[in-house]
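Structure, as structure tokens:
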Amino acid sequence: MDKVVAHTDDLAPGEMMEAEFDGRSVVICRASDGDFHAFTNLCPHQGAPLSKGKLCGAPEPTDEIGTYNYKNEGNILRCPWHGREFNIKDSGRMLANERQKLREYKLSVEELSVADGNIILYK
Amino acid sequence: MSFIDTDIHERVSYEQLLPYLEQPWRRYITDCHWMQEKHMPYTQPAVAGVDRADARLPDGRPAGSDLGFMQEQLLDSNGHEYGILTGALDPSPSSMHGWYEMATALASAYNDWQIEHWLEKDSRLYGSVHIAAQDPAAAVQEIERVGDHPKMVQILLPIDDILWGDPFYHPIYEAAEKHQLMIGMHHNEPPIYYGKWPRYFIEWHTLIPTSHMNQVTNMIFSGVFEKFPRLKLMMIEGGFTYVPFLMRKMDQQYTDLRHEVPWVKRMPSDTIREHLCFTTQPLEELKKWELMQIIEQMGSDQIISFSTDYPHWDYDSPERALPPRLDEDLKRKLFSENARQFYPKLHKGGRTDG
Ligand code: FES
């Protein structure tokens, strides 16, 4: 099954939106490099709607106490409830616990014009 | 399944309190820009400050400030039978150090606003009496004034630099017993390092239960429950997984050191089972067997009561926070029966008669 869930023009890099696929809510994210990623719109922790959270960056792990290196602007999806951080460029992997990931959808972009195209999800 | 939520935060703006304040209190807000200063050193912890990002109102008003939105997002969608309001802790009269007169006026204004805009607008909502606990005589007056409202179920005490067993608070306990009110304890200032702040918020949030342990230990060994046999205590927003340790430790100490506190006549764990109840949130992720083990060590499945802490960022979902496949009987206790037993006024469904 495949379905057009959004258009490339709907999102600027660093933005996300909710869409519907196969009767489920999904969150479509556009990373800072312009690529699109789609995940089930349900936080694996307690089920919050991820699309209501924030695409932001995160301080990377550091060896110096008191040092903050803020990286990855636009690629970290933070849950609207307890704030868990998921890296959309790394299959939705959780920053604090690598063993957990968001459920990702296969996706392709069909160029229709220079400006806009279809974002298609597959199952 | 019916559900009684034991910790919901409604939020007031200072402007909304104005109609309930006499002069000169009103003008301290309108003319002198009074605001309670918190000196919070941290970034607000989550995506939308201390609130769930999806609980902010579409028109930009803060989470918890609108009854209609709360009904839709929380009460209707979870099928709440009752919800107990605990305030948004701003203003937080009990945690004002100094200017007790203003704190007392604010507590009264808050209670009147709460009754008019929440308790009398939704039959499911019950409330907490706010007081200025730094001034126990004024606090007792406020309890006398609003404590008999059929939907006021508890008095909120602060966690501050006077521990709750101290005779300082005893007049408040006496008034609580008289009006069938329970005591609700909710942290409002950093619960560790009395008067100071932990270096990181993550420490604060991790150690909330330690301040609950301080308070419970102090109350029990001060003999509060011997002196006020009908007093009950709801420990709000500290979870409950620390309780088995505390029971065991206190019983051991009592066995060895009873002679120091001869007014204490029962094993502390029995007192806890008889007089205390613990709200669940913020719950750690537990497997079913882990939860069952904790309950077994507490020696009771009747002193835990589910709470969401809506609309705060550390909200617990009634469907997802507890492990799946719990027995129906246990679920009924956690989600409604235990709270119903704990708060006698809930039996009456908010009626003044009978
Ligand atoms: S529901 Fe997403 S972090 Fe808890």
Side-chain angles (χ1 to χ4, degrees), chain A residues 14-19 24-27 29 39-62 64-70 72-88 92 94-103, chain B residues 5 7 9 41-58 60 62-64 69 72-74 77-78 198-206 208 237 239 280-287 306-324:
Chain A
E15 287 181 352
M16 63 178 165
M17 64 182 277
E18 187 184 350
R24 286 168 188 262
S25 174
V26 294
V27 55
C29 305
F39 305 94
T40 305
N41 193 19
L42 204 65
C43 179
H45 177 218
Q46 288 193 18
L50 291 165
S51 59
K52 297 274 166 85
K54 215 164 198 106
L55 268 188
C56 51
E60 66 176 6
T62 167
E64 295 280 330
I65 295 164
T67 301
Y68 293 87
N69 285 330
Y70 192 75
N72 260 319
E73 186 70 82
N75 297 337
I76 306 297
L77 174 48
R78 272 198 90 194
C79 176
W81 293 3
H82 314 96
R84 296 188 182 189
E85 306 164 294
F86 303 94
N87 186 347
I88 62 171
M94 193 196 294
L95 298 195
N97 179 356
E98 299 221 313
R99 288 192 304 265
Q100 284 200 35
K101 282 204 275 182
L102 298 179
R103 240 198 78 207
Chain B
D5 186 346
D7 187 19
H9 295 288
Y42 319 107
T43 167
Q44 300 287 345
V47 169
V50 294
D51 297 316
R52 269 173 54 168
D54 58 341
R56 184 184 290 151
L57 292 152
F69 193 79
E72 199 179 303
Q73 188 167 50
L74 182 74
S77 69
N78 287 309
R199 181 156 171 161
Y200 300 108
F201 180 82
I202 196 169
E203 296 175 64
W204 169 345
H205 207 259
T206 302
I208 293 169
E237 201 169 345
T280 49
Q281 184 275 343
L283 202 50
E284 300 95 57
E285 285 169 277
L286 296 171
K287 304 233 178 359
F306 196 85
S307 62
T308 61
D309 194 34
Y310 177 90
H312 289 165
W313 71 277
D314 46 351
Y315 171 87
D316 270 338
S317 153
E319 273 156 28
R320 299 280 299 264
L322 286 167

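Convention: sequence-line order gives letters A, B, ...; per-chain numbering from 1.
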Item to check | Pairwise distance NZ(Lys52(A)) to CG(Asp54(B)) - rounded to 0.5 angstrom | outcome: 6.0 Å
Next on the checklist: Name the residue from Met16(A), Met17(A), Glu18(A) that meets the side chain to side chain contact (heavy atoms under 4.5 Å, CB included) definition with Asn41(A).
Outcome noted: Glu18(A)
Next on the checklist: What part of Tyr310(B) gets within 4.5 angstrom of chain A, counting heavy atoms only: side chain, backbone, both, or neither?
Outcome noted: neither
Next on the checklist: With a 4.5 angstrom heavy-atom cut-off, is it the side chain or the backbone of Glu319(B) that approaches chain A, or both, or neither?
Outcome noted: neither
Item to check | Side-chain heavy-atom pair Val47(B), Cys79(A) within 4.5 angstrom cut-off | outcome: no
Next on the checklist: Report which part of Cys56(A) has an atom under 4.5 Å of a heavy atom belonging to chain B: side chain, backbone, both, or neither.
Outcome noted: neither
Next on the checklist: Do Asn69(A) and Thr62(A) pair up side chain to side chain, a donor and an acceptor below 3.5 Å, judged on atom types alone?
Outcome noted: no
Checklist entry - Can you say whether Asp51(B) sits under 4.5 Å from chain A via the side chain, the backbone, both, or neither, judging by heavy atoms? => result backbone
Checklist outcome for this item: Honestly, the part of Ala48(B) sitting under 4.5 Å from a heavy atom of chain A is neither
Next on the checklist: Would you compute the distance between atom CZ of Arg52(B) and atom OG1 of Thr308(B) and round it to the nearest 0.5 angstrom?
Outcome noted: 8.5 Å
